[in-house]
Colleague: 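Can you keep this structure in mind? I'll have questions shortly.
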Amino acid sequence: MPKTPVSTWPALTDHQLISARAGLHTLGQRWTTWIIQTLHHQGPLPTLKLARSIPVPTHTALTDPLNRLRASGLIARMPGNVRSPYALTERGHAVAPIHAAAASWWRAHAADPAPTAQAEQVTQVLKTLATARTMNVLAFLGEAGPLPVTALYQRITSMGPSEATYPTHLYTTCQLAVADGLLSRDTHSRPARYRLTAAGSALQPLVTALVTWSTATSTTTAASPVNARIRARGNALPPPAWRPEDLFSHRTPPPPPFTVPSTSARR
């Protein structure tokens, strides 16, 4: 039987977990991490310059992510006109501890040995945590210890209608977490119990950072852009947990040039 890691997970309220799941949905979407880290490092940028710093196929691929981040209060345009540069808001800058925790977990526990840009590492960790109700399962097991699916189902559905699910769906979530190396399944007990692995337990700092960010920030209080270069003259920003060379170390290669096929006549 695998040894159960000593848990250091704090007890989280239903409100904290629901808020964190909503925040995770926002932060885990495609290109969100790339945009936030690029603006954090380079400061305000117009759309075209931002697109040149991110491995997107065309600058139009950023239209929906930028609109989504503006609606979430993570970025805003600098004062001016509709072509003014985008900048992080206070809420956007506050994401840094989440990215640092996700990158730290990847370095210690990711199974993929291939070189990967840190923005993509963070994206993949957040995407894994956002799968179904994985974060809730990890939090409950971290707090209570090994539990069967029936106990997890009762605990999650007690959170309210927004967290309602089916036992079979929750079983699938647990099995995916086993495949990802976050949980192990003890088949010697009846019913079988799920427990955190060392990798799953190590996600606690990330979940805590998500809870702190989600409950301490709101879209109604962070609508103004913050120019990092100006702000640094007063209250200095903490250095990013990633290096610029890491951020862009795994660029998507440009597609090969299109060749017009020969139009020789058929015989």
Colleague: For the pair S104 (side chain) and A100 (backbone), establish whether a donor and an acceptor sit closer than 3.5 Å, ignoring hydrogens and angles.
Modeller: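 No, the answer is negative, given that no donor and acceptor are paired below the 3.5 Å cut-off.
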Colleague: Please name the pair of heavy atoms, one in T89 and one in G73, separated by the smallest distance, quoted to 0.1 Å.
Modeller: OG1-O, 2.5 Å
Colleague: Ignoring hydrogens, what is the shortest heavy-atom contact between G142 and L196? Give both atom names and the distance.
Modeller: CA-CD1, 3.5 Å
Colleague: Please test V207 against W9 for side-chain contact (heavy atoms from CB on, under 4.5 Å), starting from the C-alpha separation and ending with a verdict.
Modeller: CA-CA 9 Å; V207 173; W9 288 61; 3.9 Å; yes
Colleague: With a 3.5 Å cut-off and no angle check, do the side chains of R91 and S72 form a donor-acceptor pair?
Modeller: no
Colleague: Heavy-atom distance under 4.5 Å between the side chains of K49 and Q42, does that happen here?
Modeller: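 Answer no - side chains too far apart.
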Colleague: If I take atom NE2 from residue H109 and atom CG from residue D180, how far apart are they, to the nearest 0.5 angstrom?
Modeller: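 Result: 13.5 Å between the selected atoms.
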Colleague: Looking at R83 and G80, would you say the former's side chain and the latter's main chain have a donor-acceptor pair under 3.5 Å?
Modeller: no
Colleague: Drop me the distance from L48's CG to S53's OG, to the nearest 0.5 angstrom.
Modeller: 11.0 Å
Colleague: Answer yes or no: is there a side-chain heavy-atom contact under 4.5 Å between L50 and L66?
Modeller: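 Result yes, sub-4.5 Å side-chain heavy-atom pair found.
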Colleague: Taking atom OG1 of T123 and atom CD of Q37, what is their separation to the nearest 0.5 Å?
Modeller: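 So the gap between those two atoms works out to 8.0 Å.
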Colleague: Between Q204 and T208, is the side-chain hydrogen bond (donor to acceptor under 3.5 Å, both in side chains) condition met? List the steps.
Modeller: CA-CA 6 Å; Q204 183 269 328; T208 299; 2.7 Å; yes
Colleague: Hey, is R30 close enough to E120 for a salt bridge, meaning N to O under 4.0 Å?
Modeller: yes
Colleague: R195 and L141: side-chain contact (heavy atoms from CB on, under 4.5 Å), yes or no, with the steps?
Modeller: CA-CA 6 Å; R195 66 182 71 239; L141 293 178; 5.9 Å; no
Colleague: So do V122 and L27 actually touch side chain to side chain, heavy atoms under 4.5 Å?
Modeller: no
Colleague: Could you tell me if the side chain of I35 sits less than 4.5 Å from the side chain of P65, heavy atoms only?
Modeller: yes
Colleague: Answer yes if I18 and M135 sit in the same cluster of Ile, Leu, Val, Met, Phe, Trp and Tyr residues linked by side chain heavy atoms under 4.5 Å apart, and no otherwise.
Modeller: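 They do share one cluster, since a chain of ILVMFWY contacts under 4.5 Å joins I18 to M135.
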Colleague: Please confirm whether the backbone N or O of T128 pairs with a side-chain atom of T131, one donor and one acceptor, at under 3.5 Å?
Modeller: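 Such a contact is found between T131 side chain and T128 backbone.
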Colleague: Over all heavy atoms of both residues, which pair between E163 and M159 is shortest? Give the atoms and the distance, please.
Modeller: CG-CB, 3.8 Å
Colleague: What's the separation between atom OH in Y153 and atom OG1 in T168, rounded to the nearest 0.5 Å?
Modeller: 9.0 Å
Colleague: Checking side-chain polar atoms at under 3.5 Å, does T150 have a donor or acceptor matched by the opposite partner on Q154?
Modeller: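 No - no donor-acceptor pair under 3.5 Å links their side chains.
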Colleague: How long is the straight-line distance from CD of Q118 back to CH2 of W34, given to the nearest 0.5 Å?
Modeller: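 Separation between the atoms: 10.0 Å.
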Colleague: Any side-chain to backbone donor/acceptor pair from R193 onto D186? Under 3.5 Å, distance only.
Modeller: no
Colleague: Would you say V137 ends up clustered with Y171 if hydrophobic residues are merged whenever their side chains have heavy atoms under 4.5 Å apart, either directly or through other cluster members?
Modeller: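 Yes, same cluster.
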Colleague: Please test Q121 against H99 for side-chain contact (heavy atoms from CB on, under 4.5 Å), starting from the C-alpha separation and ending with a verdict.
Modeller: CA-CA 9 Å; Q121 296 172 8; H99 287 181; over 6 Å; no
Colleague: Can you give me the closest heavy-atom contact between L39 and L45, atom names plus distance?
Modeller: CD2-N, 3.9 Å
Colleague: Does any part of the side chain of R185, heavy atoms only, come nearer than 4.5 Å to the side chain of Q175, both counted from C-beta?
Modeller: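 Yes - at least one pair of side-chain heavy atoms lies under 4.5 Å apart.
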Colleague: What are the two closest non-hydrogen atoms of L152 and F140, and how far apart are they?
Modeller: CD2-CB, 4.1 Å
Colleague: Any sub-3.5 Å donor-acceptor pair from R77's side-chain atoms to Y86's backbone N or O?
Modeller: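 No; zero donor-acceptor contacts below 3.5 Å.
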Colleague: Going only through I, L, V, M, F, W and Y residues with side-chain contacts under 4.5 Å, is there a path from W106 to L203?
Modeller: yes
Colleague: Going through the distances and angles, do W105 and L206 end up as a side-chain contact (heavy atoms from CB on, under 4.5 Å)?
Modeller: CA-CA 8 Å; W105 184 91; L206 174 56; 5.7 Å; no
Colleague: Find out whether V95 and W213 are in side-chain contact, i.e. whether some heavy atom of one side chain is under 4.5 Å from a heavy atom of the other.
Modeller: yes
Colleague: Flag yes if I156 and L176 sit in one hydrophobic cluster, no otherwise; membership is Ile, Leu, Val, Met, Phe, Trp, Tyr, and two members link when side-chain heavy atoms are under 4.5 Å apart.
Modeller: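 Cluster IDs for I156 and L176 differ.
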Colleague: Can you give me the closest heavy-atom contact between V211 and Q16, atom names plus distance?
Modeller: CG1-CB, 3.7 Å
Colleague: Check whether any side-chain N or O of T197 sits under 3.5 Å from a backbone N or O of L182 as a donor-acceptor pair, and report yes or no.
Modeller: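 At least one qualifying donor-acceptor pair exists.
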Colleague: How many angstroms lie between CG in L88 and NE2 in H40, if you round to the nearest 0.5 Å?
Modeller: 7.0 Å
